[in-house]
Structure formats: C-alpha cells, structure tokens
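Quick notes on the structure that follows.
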Amino acid sequence: MQWLRMGLLAVVAMAPMAVRAELKLAADDGLLVEHRYQVKASPERTWDALMHPEGWWPNDHTWSGSAANLSLQPEAGGCFCERWPQGSAEHGRVVMIRTNQLLRISGALGPLQEMAVVGVLTIQLAASDEGTVVVVSYRVSATPAHQLLALSGVVDEVVRGQFSGLAKVAETSIARP
C-alpha cells in the first residue's frame, strides 16, 4: 500500500506541469497520443531545451543507457541520433522545423523501430500567459497485423515519460546565449 501512496504522490506532484494527456486514436493499424504541458518559461527558452534532448530525455529510453549520447540537428534532414562507443542509432529524422514553434521528426521510436512501422512525432510550442504551451503528438501507422491497439497504453506512457522532463528543464535551466 505504501508504494501505491508514493506513486499517487508522484503523479500529483507532476499534475501542474501536465495540462492534458490523451490517447486520441487506438486501433490495430494506428495510434495517436497527445500530451499538453504548460511550461513556465518563454517559447525561446523552451525551444532551447527542446533542441538539447541530452538534457531532458530519460536515460532508460535510450539504447546506450545514457541520454548524454543523444543529439539533434535542428534542420530538415537533421538526425535525432544516439552515438556511443559500442554503436549508434537513428531515432528519427527532422522533416520540419520552425524555430520556437514546431519540430516534426519522422521515426519509429524505441522498439517500434524493429516493427517497421511509420511514426511521426510533432512538438508544437505556443506562447501563453504563463509561458509556453507545449503540445506533443505521436502518430504511428502500421498494418493491422502489428496490433498497435495492444501497445497503445504503453506508447502513451512512454511518450509521457520522454517529454515530462522537458518542461522541468526549460523552467530551471539557464538560457543559452
């Protein structure tokens, strides 16, 4: 019972940051998850943090075990990659970028990469009275044989875990020159 209480406290502690999370589509041949965060930092500062996934992406969502091995080239065709002495991985490819507003990456993240599905990750930033609203959506398409419906809850939780650190880092980091 103690672990349940601790888990609920952790969720409540993160609640002010997560404005809304939603599994918008879940079917055997596709899914769409969306998470909204209210960040108490300017769009420029939030963008700066976004461009440095090595500073906020969770270590346990990397192939190497260390987010320090991640990099993002902020231009069309740029690589969202991970490089370490024993290997490397392309998590995705930048397909659209609008500085301080939008980053779109094409890529099947994590274990989805092996399934040969198509994934599109879109991160939108918009100024708000309290700083920045960040909307993260991840759309995955496949054939019905992939049975994405069964994976939809896990994908939703993983996307939440991957981006929950972005707001915290944007709010607490010192802006780069």
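Computation of the quantities below employed the complete heavy-atom set of this structure, encompassing side-chain atoms and omitting hydrogens, waters and symmetry-equivalent molecules. Just so it is clear, the structure is predicted and the values come from calculations on it, not from any experiment.
- Using a 4.5 Å cut-off between side-chain heavy atoms of Ile, Leu, Val, Met, Phe, Trp and Tyr, with links allowed through other members, M115 and V33 fall into the same hydrophobic cluster.
- Here the shortest heavy-atom pairing between A142 and L148 reads CB-CD1, 3.7 Å.
- M96 is listed as a side-chain neighbour of L102, based on a closest heavy-atom distance under 4.5 Å.
- Residues P43 and G131 come closest through the heavy atom pair CD-O, 4.1 Å.
- The shortest distance between side-chain heavy atoms of I105 and L72 falls below 4.5 Å.
- The two residues G161 and P58 make their nearest non-hydrogen contact at O-CG, 3.4 Å.
- A perpendicular orientation is assigned to the rings of W57 and F80, their planes being inclined by more than 60° (bins at 30° and 60°).
- The hydrophobic clustering, which links ILVMFWY residues whose side-chain heavy atoms are closer than 4.5 Å, places V135 and Y138 apart.
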Going through the distances and angles, do H35 and V159 end up as a side-chain contact (heavy atoms from CB on, under 4.5 Å)?
CA-CA 8 Å; H35 294 268; V159 170; 3.7 Å; yes
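- Looking at heavy atoms from C-beta onward, S66 lies out of side-chain contact with W84 at the 4.5 angstrom threshold.
- When atom types are taken as modelled, the side chain of N59 and the backbone of A67 share a donor-acceptor pair closer than 3.5 angstrom.
- Side-chain contact check for V39 versus E171: some heavy-atom pair is nearer than 4.5 Å.
- Contact between H146 and V117 at its shortest, heavy atoms only, is CD2-CG1, 3.7 Å.
- The structure places CD1 of I123 at 9.5 Å from CD1 of I97, a figure rounded to the nearest 0.5 Å.
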Kindly indicate, with the supporting measurements, whether the criterion side-chain contact (heavy atoms from CB on, under 4.5 Å) is fulfilled by R83 and S71.
CA-CA 8 Å; R83 293 176 179 86; S71 63; 3.4 Å; yes
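- Although no hydrogens or angles enter the test, the distance criterion places a donor-acceptor pair under 3.5 Å between the side chain of Q113 and the main chain of E90.
- Identified under the disulfide (SG to SG under 2.5 Å) test for residues 58-91, with sequence neighbours left out: C79-C81.
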List the steps and the verdict of side-chain contact (heavy atoms from CB on, under 4.5 Å) for T143 and D29.
CA-CA 5 Å; T143 68; D29 63 349; 5.9 Å; no
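- Between Q38 and V133, the closest side-chain pair of non-hydrogen atoms falls below 4.5 Å.
- Residues L125 and N100 have side chains not in contact (no heavy-atom distance under 4.5 Å, counting atoms from C-beta outward).
- To the nearest 0.5 angstrom, L166 atom CG is 12.0 Å from H52 atom NE2.
- If you take CZ on R139 and CZ on R104, they are separated by 10.0 Å, rounding to the nearest 0.5 Å.
- A distance of 8.5 Å separates CD in E22 from CG in L32, rounded to the nearest 0.5 Å.
- Between V136 and the choices T122, L121, L50, L103, the side-chain contact (heavy atoms from CB on, under 4.5 Å) rule is met once, by L121.
- Residues S88 and E82 bring no donor and acceptor atom of their side chains to less than 3.5 Å of each other.
- Contact record, W63 with A89: CD1-CB, 3.5 Å, taken as the closest heavy-atom pair.
- Listed here is the closest heavy atom pair of Q162 and L109: OE1-CD1, 4.1 Å.
- Judged purely by atom type and a 3.5 angstrom limit, W47 has no side-chain atom pairing as donor or acceptor with the backbone of M51.
- With rounding to the nearest 0.5 angstrom, the OG1 atom of T62 is 7.0 Å from the CG atom of N69.
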Quick one, E157 with V154, criterion side-chain contact (heavy atoms from CB on, under 4.5 Å). Give me CA distance, side-chain angles, the key distance, then yes/no.
CA-CA 5 Å; E157 287 297 317; V154 172; 5.8 Å; no
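- Both W56 and V134 are part of a single hydrophobic cluster, where members link through side-chain heavy atoms under 4.5 Å apart.
- Residue S64 holds its OG atom at 7.0 Å from CG of L70, rounded to the nearest 0.5 Å.
- Between the side chains of R93 and S106, no donor-acceptor pair of N or O atoms lies under 3.5 Å.
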